[in-house]
Number of protein chains: 2
Amino acid sequence: MATTYAIGKLAKLTDTKVPTIRYYEQVGLLPAPERNAGNQRRYREVHLQKLRFIRHSRQLGFGLEEIASLLALQESQADSGEVQRIARNHLDEVRDKVARLNKLEQALSQLVSCCGSGQPHDCQILSVLADHNLCQHEHEGR
Amino acid sequence: MATTYAIGKLAKLTDTKVPTIRYYEQVGLLPAPERNAGNQRRYREVHLQKLRFIRHSRQLGFGLEEIASLLALQESQADSGEVQRIARNHLDEVRDKVARLNKLEQALSQLVSCCGSGQPHDCQILSVLADHNLCQHEHEGR
DNA sequence: CTTGAAGCTCTAGCGACTAGAGCTTTTACA
DNA sequence: TGTAAAAGCTCTAGTCGCTAGAGCTTCAAG
Ligand SMILES: [Zn+2]
Ligand SMILES: [Zn+2]
Ligand SMILES: [Zn+2]
Ligand SMILES: [Zn+2]
């Protein structure tokens, strides 16, 4: 018969925590595997493949809903247009986030710049936090 | 007597949603104001100042716990060493996040690069998602 | 005095897990 | 074969920083 994996084995093979795997099943991302006589999950090759896909997509920052869509598209052999749309959209979001974080980094750098010399000084950090007018930066938004 | 603000007024003055203000009170970040005869919150100048501080700090990405510490330090007139430590630590975290997101952006750019020409093609996105070995990037971590 | 806006409390939900309690099953070894 | 540790199970609750909604009371303007 075909090889099966206990949940702990699958966890090690994919560098995933055991509860996380159960969580993916719970939210419908990973299909529920068969159970053995003692009610324990027994995974097959297909689960391993899917879980690898999920984890790699997560590492690339895709959300679980996006991943669910990608898995469905993989299954359906549909045209790649929708796959591209999802990936590009995610890339756009990441670029937005980078832009916002860069602004933040600028603002924070300036915030702590008054403590640069290591000398005792009249530290402005609390004043700037209290009043954005003392802050040269824009840094709005999420 | 001194001016007081209803919660909605405070919300407008600080560009904060009303439930958010109540939430800050609930978690002990903003001190509970006095109530009028009808049990409604009546805020004073000090609350306005603190809430502005909180909101600006949030815009700069500080967490609520960090903000609580900063507020306490502001109160206590303590030396600025701890303030600096918190701010620098936060800046370090932001820089880490930027670095990680930049790697992500690289990886994602490459991921979608196969669809660059607009022409129909053998799209590799799903294959790469299925196998990090097809992926030239490191992009581990959060 | 009426009416609508604004306020109140309490509960639940978001995303993506993570941790723990309290149990059962499997596995390894003597 | 006995036993004990390791691994599995389910269920609940917590993380962070809000946000939304139900169902009520109070306030402010006309
Ligand atoms: Zn300083
Ligand atoms: Zn600012
Ligand atoms: Zn492509
Ligand atoms: Zn990869």
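Chain A is the first sequence line, chain B the second, and so forth, proteins listed ahead of strands; every chain is numbered from 1.
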_Please encode protein proximity along nucleotides 1-12 of chain D as a string of B, S and -, counting only heavy-atom distances under 4.0 Å._
-------SSB--
_Just the rounded figure in Å: distance from P of D/dC18 to NZ of B/Lys17._
10 Å
*Residues in side chain to side chain contact (heavy atoms under 4.5 Å, CB included) contact with A/Arg22, at least two apart in sequence or another chain*: A/Ile7, A/Val18, A/Arg41
*Less than 4.5 Å apart, any side-chain heavy atom of A/His47 and any of A/Pro33?*
yes
_Nearest-Å distance for atom pair CG/C1', residues B/Leu10 and C/dA6_ = 14 Å
*Would A/Ser113 and A/Gln110 count as a side chain to side chain contact (heavy atoms under 4.5 Å, CB included) if you check the C-alpha gap in whole Å, the side-chain angles of each, and the deciding distance to 0.1 Å?*
CA-CA 5 Å; A/Ser113 66; A/Gln110 211 202 351; 4.3 Å; yes
*Grab the CD1-C1' distance between A/Ile54 and C/dC17 for me, whole Å please.*
14 Å
*To the nearest Å, give me how far apart CG (B/Leu30) and P (D/dG17) are.*
16 Å
*asked:* Is it true that B/Thr16 and B/Arg55 share a donor-acceptor pair across their side chains at a distance under 3.5 Å?
replied: yes
*Atom CD of B/Glu66 and atom C1' of D/dG17: how far apart are they, to the nearest Å?*
13 Å
*Could you give the CG-to-P distance, from B/Leu60 to D/dG17, as a whole number of Å?*
15 Å
*Donor + acceptor pair across side chains of A/Glu45, A/Tyr5 (<3.5 Å)*: yes
*Look at B/Thr20 and D/dT19 and indicate whether a side-chain polar atom (N or O) is within less than 4.0 Å of OP1 or OP2.*
yes
*Given D/dC27, is OP1 or OP2 found less than 4.0 Å from the side-chain N or O atoms of B/Asn36?*
yes
*Give the rounded distance in Å between these two atoms: OH of B/Tyr23 and C1' of C/dG13.*
14 Å
*asked:* Given D/dA20, C/dC17, D/dC18, identify the nucleotide with an atom nearest to the side chain of B/Tyr24.
replied: D/dC18
*Roughly, in whole Å, what's the span from CG in B/Leu29 to C1' in D/dG17?*
11 Å
*What side chain to side chain donor-acceptor pair (under 3.5 Å) pairs are there with at least one residue in residues 60-78 of chain B, not counting sequence neighbours?*
B/Lys50-B/Glu75
*Name the orientation class of the two ring planes belonging to B/Phe62 and B/His90 (parallel below 30°, tilted from 30 to 60°, perpendicular beyond 60°).*
tilted
